[in-house]
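Have a look at the structure below, then the notes.
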Amino acid sequence: MTALLSLSGVHTHIGRYHILQGVDFEAAEGKTTMLLGRNGAGKTTTLRTIMGLWRASAGSVAFAGQPIAGLPTPSIARAGIAYVPETMAVFSGLTVRENLILAARDGALDDSRLQWIFGFFPALKKFWLSRAGSLSGGQKQMLSIARAIVEPRRLLLIDEPTKGLAPAIVGALIDCLKEIKRAGVTVLLVEQNFRVAQEVGDDVRVMDNGRIVHRGSMASLAADATLQNRLLGLSLDAHQ
Amino acid sequence: MSATTDTGAALPRPKIDFAPALAPFLIALIAAPLIGSTSTFITLTFASLAMGLMLFTMASGFTLVFGLMDVLNFGHGAFISIGAYMATLVFAPLILWSQADSLALNLGVILLAIVVAAAVCGALGLVFEKLLIQPVYGQHLKQILVTTGGLIVVEQLLYALFGPDTIPLGLPTSLRGAFHIGDAAIEKFRLLAVVVGLVIFVGLTLTLNYTKIGLLIRAGVENREMVEALGYRINRLFLAVFMAGSALAGLGGVLWALYREQVHASVGQSLTVLIFIVVITGGLGSIGGCLLGATLVALVANYAGFLAPKFALVSNIALMVAVLLWRPRGLYPAGGR
Amino acid sequence: MMILSGDPPRGRALVALLAVIVLILAIAPFLFPGAKSLNVAATILVYALLVASYDLLLGYTGIVSFAHVMFYGVGAYGVAIALYGLGPSWGALILGIVAALPVSVALALAIALFSLRVQTIFFAMVTLAVASAFNVLASQLDWLTGGEDGRSFQVPEILRPGFRLISGRAFGVELNGRVLSYYLVFIACAVLFLALLRVVNSPFGRVLQAIRENPFRAEALGYRIVYHRALATCLSAAVATLAGALGAIWQHYVGPDTALNLSIQLDVLVMVVIGGMGSLYGAIVGAALFVVARNYLQGLLGALSAAASGAGLTLAAGLLHPDRWLMWLGLMFILAVYFAPTGIVGRLRGLDKGSG
C-alpha cells in the first residue's frame, strides 16, 4: 500500500488561532479515507491547508511524493487534486454547463465522461443550461462533485457532501462515491454522517483539537461501539 | 442508479429583475413634457446615448476590476487623461489625414489614436498594477490612498510632459457638424461614439458570456478562491482585466477628448466623479449595471443641463441618492453580494 | 498631563520636534514680522486643525472621506456670507459660524447614513461625488457665494491690520489687528486640537479604534458600528467647519479654489499620511512640513529646474519645475503609505524605542 497523500507535523494558524497543532496522517492510493471528528476539530482546515487555501505554518504535505505545502493553490490543483468545499461554491451566475467547462481546464468536455457523470447525477443533464444558482441544495452538491471529476484527478478532497441533504439524495451521493472509488480515484472525505462513512470508507482518521487521535480501518471502527463513542461522542449519537 | 426525488422537482424560473432597466424610460418620460419641443428632446436624448456609451466605456474597467479583485482604483481616471493626450500625439503629425475630405482617412486617424491610446494605457496599466496595487491587495484603505497618490503623480507627470495649458483637438473634417432629422440634430461625432460604445458593450458581453476567459472573470467575481482551487491563477487573470480596463479607459479618453474637442490633464479627475456616480448607481462590479448607470447619468446630465444648466452635476447626485434609497447596493450589483 | 488627555506625544525626538513647531507658532508674529511668514504660520495652524479632524476619520475610524474639505468650505462660506451680507460685526461672525455648523453636521449625517450602511468603500466614492457637486454648486450660486470669484469681506474692526492695540511696539513689533487675528486663530486651533485629543482618548474614541481594528468583533461586543462611524463623521465635520471659519477670518476672502477645491482635499490626505495616521500629533507635523514645503520647496525646485535646463535636460527641467512640487509630494505620499504607514510620527517614536 502506497500513500498518495501524506501530512506530517502540519500546523496551521488562522489569525490568532492555532487550529492545526501537528497533523500526521497518510491517505492510501485508490482508497477512500474518512476524516472524522467533532465540529471544530480541524477537519475543514486540514482540507484547506492541503489545498493551499490556508498556509501551513509548519510541517510538510506531500502529494505523490512531491512536497506541496507552500505552493499556490492553482499549482496544487494542477498537480491533480480537486476540492469540493463544504459550501459547494458552485458559480451561481453560470450555467451547469459553464461550471463544468471551467472545471475542464485542459480543454473541451469529454462526452463519455459526461455520460458517466449523468449516469449517477441525471439532474445535471436535465438542468444542463440552467443557472447553477437556481438549483436545489442537493443538485448544487452534485454539480460541485461533478466539477471535481469532470476530468480525471488523482485525489479528491470532499468536505461534508451530505450536510443538510434529504436522505434520498444522500443515497445518490453514496452511489456516486462508490463509483468514483471503482474508477480508482483516491478520496479524502470529511463526513459527519456515520452511515455514509461506514458505507464508503476504507480507512479512517479521527481528529480532535487539531490533531489526529485515531488511525485505522473503517471496518474495525464501525465494529467497535465503545471506540466510536470515545472518539466521536455526541456526533455519533446525533446520526443514529 | 437511484432515482432521487430531487431530480424530478421543477426548477424555479430565475427571476429577472426588470424594474431598474425601465428607469431610463421613466426619466425620459418625465423629462419630455418639461423640455417641450420634440426635436430638442430627440437631440438631447441622442446626446445622452453618446455620452452614456462613452461613460460606459470608461467605467467598465473600473467596475470589473472591483468586481473581480475587490480593488477600488481611484487612479482609473489617470488612464482617461493619458488616452486623451495620446489622441493629441496621434492627431498632431497626421493633421493632413484629419483635415482631408475623406471619411476613410478621417476614421483612420481616429482608429489609430484609439489603438495607440489603448496600447499605451494597457501597458501602463501593467506597470500601475504591479507597482501600486499588487502590494496592497485586500487592504481597501491603502488601495484608496495609493491609487489616489498614483492619480496625483500621473496628473503632474502629464503637466510636466505636455504643459499645463488646455490643448485644442479638432474633429476630423467629415465628423464635424450634424445630420438633421426634421429639426432634431444628430451630431456626427456622437453617432460615431454611439457606434464605438455599442461595439465595446457587445464585445464585452460576448466575451464575458461566450469565452472561457469571460467565464473565468464571471466566476472570479463570485468566488475567487474556488477559481484558484480549479487550477487557474487568478492574479494573472486580474492583471489581464486590469490592463484591459485601463485600455478601455484610454480609449474612452480619446472619444471624450474628441467630444469636448480639447484635452487637459484634469479631465481624468473630473470624469472620475461621473464614473463613481455611474458605478454606484448601476451597482458595483456588473457590466449590465454599468451600462444602465451610465445611461441614467447621461440622461439626467443632458436633460438637467438643458432645463437647469447650473444644477447638472447636482442633479446627478440627486439621481444617485434616489437610486440608493430604492436599492442600497445600486441597480444591478454583481453576484448579488 | 490632563491637558493632553493622558496621551502625550511619546518619544524624545517627537516631543522635541513638536515643541519646536509649537513654540515657533506661538511666537511667530515676533519671530517673523513679515506678512508672508505670518501667513505661512497661520496657514499651518488652520491646516493642522483641519488635518487633525480628518485624522479622526481616516486614522482613528479607518474610513476615507473626500468631502472633508467641503465641510471646511461650509464653515468658510458661512463666515464669508454672514460678514459680507451683514457687515463686519462680531454678531455676524458668530451667526455665520452658528449657521454653518448645523449645515455641515446635517450633510455629514446624510452622507454617512447613505453610504456607511452598505460598505465603507462606498463612503469614499460617495463623498468624492458629493464634494464635487458641492464645489460646482458654490461656483454657480453667484448671488450667494460670489461664484468663481468668491467673496472678499471685512472682519470686525479689531482684527483689521489698521487697528492698534497699544500705540507702541512690543519686542519691536506693532500689536495690530493682524497680530490679534493670529492669536485668535492660534488659541482657537489649540483649544480645538486639545478637544479632539480628548475625544480620541475618550471611551468613544477607543470604540472607534476597536471598530477600525475588527468591525465584526466590535459588533459582537454590542457596539453599533454605523452609529459610531456616523457620529465620528459628524464630529470631524463640525471641527472642519470651525477650521474653515478660522481660515476665512484669517484670509478675509473665501472662494472655491481656497475653500472647496478637490486639490485641497488631496493636500489634506497627503498631510495626514506623511504626518502619521492615527496620531493627532501627526497633523501638526504633517501640516507644518507640507505648508513650509509648498512655500519654500518651490524655490528649491526652481533653482534645480533652472540648473537642469541650463544643462540642456529639458525633461528634467520640466519635472523639477516649481509647479510640479505636488508630484514629488505625491511620490512621498505613496512611499509613506507603503513603507511608513504611521508617518513621521510613527518613525520618530520608533527611533526612540530603537535607542532604548
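Note on naming: letters A, B, ... go to the chains in the order of the sequence lines (proteins, then strands), and numbering restarts at 1 for each one.
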Is the shortest side-chain heavy-atom distance between C:R212 and C:T61 below 4.5 Å?
no

Show the numbers, then the answer: is there a side chain to side chain contact (heavy atoms under 4.5 Å, CB included) between C:L262 and C:N135?
CA-CA 8 Å; C:L262 185 64; C:N135 188 2; 5.8 Å; no

Return the option, out of B:L161, B:N316, B:L325, with the maximum number of heavy-atom pairs under 4.5 Å with chain C.
B:L325

With no hydrogens and no angle check, is any side-chain donor or acceptor of B:S81 less than 3.5 Å from a backbone partner on B:A265?
yes

When you look at C:M327 and B:V153, which way does the side chain to side chain contact (heavy atoms under 4.5 Å, CB included) test go after all the steps?
CA-CA 5 Å; C:M327 183 182 74; B:V153 172; 4.1 Å; yes

Should the ring pair B:F79 and B:F242 be called parallel, tilted or perpendicular, given that the plane angle runs from 0 to 90° and is split at 30 and 60?
perpendicular

Could you check, using the six-membered ring where one of them is a Trp, whether C:W325 and C:F290 have ring centers closer than 6.0 angstrom?
yes

Under 4.5 Å to a heavy atom of chain C? For B:E155 that would be neither

With a 6.0 Å cut-off (strictly less than), is the heavy-atom count around OH of C:Y296, excluding the residue itself, greater than 12?
yes

Segment of C:L141 engaging chain B (4.5 angstrom heavy-atom cut-off):
side chain

For residues 287-301 of chain B against chain C, heavy atoms under 4.5 Å, the residues are none

Would you give me the side-chain donor-acceptor pairs under 3.5 Å for residues 122-133 of chain C, sequence neighbours excluded?
unit_1, atom_1, unit_2, atom_2, d
C:T127, OG1, C:F66, N, 3.0
C:T127, OG1, C:F123, O, 2.7
C:T127, OG1, C:A124, O, 2.8
C:S132, OG, C:L128, O, 2.8

Residues of residues 130-137 of chain B near chain C, each having a heavy atom less than 4.5 Å away
B:L131, B:L132, B:I133, B:P135, B:V136

Contact origin within B:L72 toward chain C - heavy atom pairs under 4.5 Å:
side chain

Quick one: does any side-chain atom of B:H76 pair with a main-chain N or O of B:M58 as donor and acceptor, under 3.5 Å?
yes

Does any heavy atom of chain B fall under 4.5 Å from the side chain of C:L331, the backbone, both, or neither of them?
both

Minimum side-chain heavy-atom gap B:I30-B:Y303 below 4.5 Å
no

Heavy-atom pairs under 4.5 Å with chain C are the metric here; pick the option from B:G149, B:G150, B:P309 that has the most.
B:G149

Interface moiety of C:M332 toward chain B, non-hydrogen atoms closer than 4.5 Å:
neither

Output side-chain donor-acceptor pairs under 3.5 Å for residues 270-282 of chain B, partner residues at least two apart or in another chain, one line each.
unit_1, atom_1, unit_2, atom_2, d
B:S270, OG, B:S266, O, 3.3
B:S270, OG, B:V267, O, 3.1
B:T272, OG1, B:G268, O, 2.6
B:T281, OG1, B:I277, O, 2.5

Look at the aromatic rings of C:H68 and C:F71 and report parallel, tilted or perpendicular, splitting at 30° and 60°.
perpendicular

Heavy-atom pair of closest approach, residues B:S286 and B:P333
CB-C, 4.3 Å

Which bit of C:V136 comes within less than 4.5 Å of chain B, counting heavy atoms only: side chain, backbone, both or neither?
side chain

Hey, are the side chains of C:L58 and B:L141 touching, using non-hydrogen atoms and a 4.5 Å cut-off?
yes

Against chain C, work out which of B:V321, B:I144, B:L145 has the most heavy-atom pairs shorter than 4.5 Å and name it.
B:L145

Which bit of C:L329 comes within less than 4.5 Å of chain B, counting heavy atoms only: side chain, backbone, both or neither?
neither

